[in-house]
Chemist: 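Before anything else, here's the structure in question.
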Amino acid sequence: MENPPYLNGLNPEQLKAVLQTEGPVMIIAGAGSGKTRVLTYRIAHLIRQEIPAFNILALTFTNKAAKEMQQRIYTICGAEAKNLWMGTFHAVFAKILRFEADRLNYPSAFTIYDTDDSKSLIKTIIKELNLDADKVYKPSVIYSRISNCKNNLINPAAYIASPELMDYDFKAGRGKFYQIYQAYVDRCFKAGAMDFDDLLLNTDKLFRLHPDVLLKYQHKFKYIMVDEYQDTNVCQYSIIKRLAAAHENICVVGDDAQSIYSFRGATIKNILSFQKDYYDAKVFKLEQNYRSTKNIVLAAGHIIANNKEQLEKTVWTDNDSGEKISVVRAVTDNEEGRIVAQSIFEQKMQNQMANSDFAILYRTNSQSRSFEEALRKLSVPYRIYGGTSFYQRKEIKDMIAYLRLIVNPNDEEALKRIINYPSRKIGASTIDRLILIANQTNQSIFDVVCTATRHSILGKTSATVYGFGLMIQSFRTMLESHNAHDLAYHVAKQVGLLTTLHTDKTVEGISRYENLIELLNGIKEFVEDDTSELDKDLPTFLQDIALLTDADKKTDEDKDKVSLMTIHASKGLEFPSVFVVGLEENLFPSQMSLGSRQDLEEERRLFYVAITRAEKKLSLSFATSRFRFGSLLSCEPSRFIEEIDKKYIEMATFKGISPLIGLKKELPTNTTAQLISSLKRNMGGKTLSPKLSSSFIPEDLQELAIGDKVEHNRFGYGEVILIEGEGGQKRASINFDDFGAKVLVLSFAKLRIIK
DNA sequence: ACCTCAAACATTTTT
DNA sequence: TGTTTGAGGT
């Protein structure tokens with residue numbers, strides 16, 4: 001590896017300092033400044049200095065980032081790169097915890113509960129405590145509250161010791177939160193299970209309570225590197241601090257302007273106070289953007305300047321000015337989809353670009369639908385990242401539940417899932433009884449299952465339950481002798497999963513069967529993969545996939561496809577042409593974030609992340625109305641659009657937006673009224689039936705008079721019986737043929753007058 | 001105990 | 001709009 005004379009705008013001396021091997025370093029890296037490259041270089045540099053790779057720990061946030069970086073280092077340094085400890089916080093800590101599980105009285109093959117498992121357990125606990133799970137104690141709310149506590153190192157004991165926290169929940173009507181939290185922690189422990197947050201929390205606990213273990217890992221990890229440091233939470237911070245305490249050879253990389261995970265407990269404080277934690281820290285700023293055009297970089301800087309809480313830095317670029325940022329208004333979400341798809345089609349033709357050069361970024365997963373439809377119509381291949389992952393499909397979770405139970409019989413959630421699937425006539429009441437006995441006698445549910453015949457309340461089903469226990473135990477005896485794939489295949493056949501799914505000849509049934517086969521093939525691949533030094537046993541496999549997300553799943557032949565993903569998922573990526581869509585108030589910024597300045601600033605950082613993904617061409621779009629909860633909702637353009645200096649943007653003209661109607665000639669102007677009326681004329685009748693077309697014009701409704709016959713997009717036909725109020729507050733009482741009398745605010749109502 | 005259907009409900013972002 | 005939950009039937 002030759003040192004480049006010039007890297008990321010650093011002069012040779014600075015570069016030498018960045019690559020230095022001793023002492024704490026913080027690198028503040030603006031968007032597109034090539035921070036991954038710097039991090040990669042630093043690690044490669046260490047290895048080249050004969051520092052053994054197993055002494056280096058590199059922590060990232062996503063599997064993708066870890067894999068990518070490992071790959072790059074491999075090409076520079078060769079096989080030694082395999083010995084690096086590089087991975088996500090969760091993956092690396094899970095590995096450590098597996099080694100040291102006995103120190104915390106966990107089985108080394110502990111289960112990792114995913115979010116569904118956690119919520120399901122919380123729900124059972126809430127029911128057991130006779131609390132209202134529908135309104136007051138919603139499992140998802142309780143879950144995020146617990147997660148929040150854990151991320152801030154607050155265990156149940158610390159919780160009950162804090163009057164403020166107790167008071168907060170009491171005022172929110174969750175007086176029994178502590179009981180749920182405590183029960184949840186107990187149940188997880190009893191089940192030999194850790195949730196995502198436990199992987200961090202327990203690592204912290206391990207190092208805190210066992211100095212000898214800490215010493216061992218301090219000694220091992222002489223060099224520590226942390227990517228995306230701005231997204232670390234209190235718990236991660238604590239672990240890193242402890243690990244780095246011996247050598248202080250710690251290098252963190254981050255960008256406070258791209259901190260978008262505070263909902264997960266991330267706190268910018270960590271990056272802001274790095275220099276206080278390590279008084280001799282060297283700090284570097286990478287401010288040159290190599291990715292985007294001037295227009296994009298400047299506009300982004302302009303937007304982020306609206307935030308108060310940030311480190312001072314100025315991102316700049318040497319690149320061309322490039323095209324202006326185009327802003328597009330659509331009437332509905334479906335039309336937004338069509339405009340974007342059409343625009344991709346055109347850009348491809350004009351500039352000979354590949355599908356993979358494009359990305360559509362949105363705030364929420366549910367927005368993907370209209371873009372999928374539109375792309376499909378134009379036969380543009382696409383790939384959605386995120387959404388329901390392969391591992392969340394029912395048939396996959398069922399199969400995995402069997403494997404989990406075999407590896408860890410105490411796994412309560414796995415047992416509940418499959419004790420009666422395929423059907424064994426063990427119903428809900430029997431399961432409730434089993435849990436009751438388990439709780440009373442302080443055994444695991446599986447213990448009760450294995451002694452089922454001794455419990456007379458179970459009646460005749462006790463024999464069936466007992467038989468189920470025997471079966472699982474027989475599988476367990478195969479753990480030692482069989483590899484993961486052989487065992488899984490045996491189980492799938494024995495239990496009847498394969499035949500059950502195979503006999504179902506519906507379309508979904510066939511796909512379920514195929515998915516199961518795919519999972520089995522995946523396990524086979526895992527077993528036969530000899531590029532990795534890891535064990536090939538079932539526990540390792542389960543631990544692996546528990547931390548996998550959809551984005552990490554086999555990059556099959558997704559060669560040339562348009563990428564669709566949430567902005568969160570797009571972090572760290574770049575595309576020549578990017579569409580940021582759904583820029584509407586209450587959607588982006590999200591409704592939930594309007595409460596506080598901090599939350600709004602995070603949304604703005606999210607927007608900053610979104611637009612800095614673009615290299616050459618950036619398009620923003622919004623719809624004036626959108627389907628939500630099945631009905632049409634009117635929307636206002638996002639405040640973020642207004643925050644961009646006008647000199648960087650242009651309102652797009654709708655050249656050929658509507659292939660469905662074959663509109664070829666360019667529309668003359670782009671004033672709002674004309675756009676709307678021309679769009680109206682050219683609307684394809686897909687979203688709204690032709691009868692109920694989008695003839696919503698406010699001016700018309702101001703002239704609405706008593707006695708007029710009107711048509712509403714949901715309520716059908718009716719007659720105006722009363723008009724009251726003025727201007728925006730003007731309301732009409734309308735007697736609908738099928739829905740009776742309704743009072744509608746005219747400035748919002750989707751009405752048209754029938755002449 | 002299981003199936004079917006209708007009503008209610010829900011949408012932030014992820015390891 | 002799409003999914004999940006509850007009631008009621010078999």
Side-chain angles (χ1 to χ4, degrees), chain A residues 59-66 87-94 112-116 118-119 123 133-135 138-141 143-144 147 150-151 194-201 228 231-233 235-236 259-266 332-334 361-370 373 385-389 391-392 394 420-431 461 464 543-552 565-571 582 586-595 599 602-603 605-607 609-610 626-633 687 714:
Chain A
L59 297 168
T60 64
F61 264 79
T62 62
N63 296 299
K64 199 166 50 182
T88 63
F89 283 89
H90 292 84
V92 168
F93 295 161
I112 298 173
Y113 273 178
D114 68 13
T115 312
D116 287 343
S118 298
K119 284 184 187 165
K123 197 169 173 185
D134 299 322
K135 293 240 169 67
K138 283 189 187 156
S140 54
V141 173
Y143 173 75
S144 59
S147 175
K150 287 185 175 178
N151 285 328
M194 298 192 196
D195 65 18
F196 288 137
D197 303 313
D198 286 334
L199 294 175
L200 308 177
L201 193 65
E228 310 279 16
D231 284 332
T232 49
N233 60 37
C235 187
Q236 289 162 324
S259 161
I260 54 174
Y261 282 105
S262 76
F263 70 92
R264 209 166 88 185
T332 64
D333 47 352
N334 284 313
L361 309 181
Y362 35 76
R363 178 68 238 265
T364 66
N365 276 308
S366 58
Q367 284 168 257
S368 68
R369 206 204 76 256
S370 62
E373 274 174 19
Y385 293 76
T388 351
S389 101
Y391 295 105
Q392 299 202 21
K394 183 187 178 302
N420 197 34
Y421 181 83
S423 173
R424 301 189 176 86
K425 308 267 160 150
I426 302 173
S429 51
T430 306
I431 295 171
T461 35
T464 330
Q543 201 121 84
D544 254 33
I545 60 165
L547 297 172
L548 231 51
T549 48
D550 199 39
D552 312 312
M565 64 183 90
T566 63
I567 299 163
H568 282 89
S570 76
K571 185 147 163 216
N586 296 332
L587 181 61
F588 190 18
S590 152
Q591 208 164 5
M592 329 290 269
S593 73
L594 299 177
D599 286 351
E602 173 142 326
E603 291 284 306
R605 290 194 293 269
L606 194 57
F607 186 51
V609 168
R626 153 179 317 273
F627 269 103
R628 262 179 131 182
F629 316 128
S631 64
L632 210 52
L633 218 78
T687 344
R714 273 177 63 211

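The figures that follow rest on heavy atoms only: side chains count, while hydrogens, waters and symmetry mates do not. The structure displayed is predicted, hence computed values, not measured ones. Each chain gets a letter, A, B and so on, in the order the sequences are listed, and its residues count up from 1.
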Chemist: What is the distance from atom CZ of A:R363 to atom CD of A:E603, rounded to the nearest 0.5 Å?
Modeler: 4.0 Å
Chemist: Does A:N586 put a side-chain nitrogen or oxygen below 4.0 Å from OP1 or OP2 of B:dT12?
Modeler: no
Chemist: Please confirm whether the shortest side-chain N or O distance from A:T566 to OP1 or OP2 of B:dT12 is below 4.0 Å.
Modeler: no
Chemist: Give a yes or no on whether the backbone of A:I112 and the side-chain of A:D195 come within a donor-acceptor separation of less than 3.5 Å.
Modeler: no
Chemist: Given B:dT12, B:dT11, B:dT14, which nucleotide is nearest the side-chain atoms of A:A569?
Modeler: B:dT14
Chemist: If only side-chain N and O atoms of A:N365 are considered, is one of them under 4.0 Å from the OP1 or OP2 phosphate oxygen of B:dT12?
Modeler: no
Chemist: Examine B:dC2: is either OP1 or OP2 under 4.0 Å from a nitrogen or oxygen in the side chain of A:N420? Give yes or no.
Modeler: yes
Chemist: Could you work out which one of B:dT12, B:dT14, B:dT15 sits closest to the side chain of A:Y143?
Modeler: B:dT15
Chemist: Check the angle between the aromatic planes of A:F61 and A:Y261 and answer parallel, tilted or perpendicular using the 30° and 60° thresholds.
Modeler: parallel
Chemist: Give me the distance, rounded to whole Å, that separates B:dT11 from C:dG6 when you measure between the P atoms they each carry.
Modeler: 16 Å
Chemist: Using only modelled atom types and a 3.5 angstrom limit, is any donor from either the side chain of A:T364 or the base of B:dT12 paired with an acceptor on the other?
Modeler: no
Chemist: Of all the nucleotides listed (B:dT15, B:dT11, B:dT13), which has the minimum atom distance to the side chain of A:H568?
Modeler: B:dT13
Chemist: So, do A:F263 and B:dT13 meet the stacking rule of ring centres under 5.5 Å and planes under 30°?
Modeler: yes
Chemist: Quick check on B:dA10: is either OP1 or OP2 less than 4.0 Å from any side-chain nitrogen or oxygen of A:K138?
Modeler: yes
Chemist: Mind checking what makes side chain to side chain contact (heavy atoms under 4.5 Å, CB included) contact with A:S366, not counting sequence neighbours?
Modeler: A:T364
Chemist: Between A:K571 and A:D231, is the closest basic N to carboxylate O distance under 4.0 Å?
Modeler: yes
Chemist: Mark up nucleotides 1-10 of chain C, 5' to 3', with B wherever a protein heavy atom is under 4.0 angstrom from a base atom, S wherever such an atom reaches only the sugar-phosphate, and - elsewhere.
Modeler: B---S-----
Chemist: Please pick, from B:dT12, B:dT14, B:dT15, the nucleotide with the shortest atom-to-atom distance to any side-chain atom of A:T115.
Modeler: B:dT15
Chemist: Using atom names, set out every protein N or O paired with an N or O of nucleotides 3-5 of chain B below 3.5 Å, distance rounded to 0.1 Å.
Modeler:
none

Chemist: Quick check for you: among B:dA1, B:dT15, B:dT14, whose closest atom lies nearest to any side-chain atom of A:T430?
Modeler: B:dA1
Chemist: Expressed in whole Å, how much space separates the C1' atoms belonging to C:dT4 and B:dT13?
Modeler: 22 Å
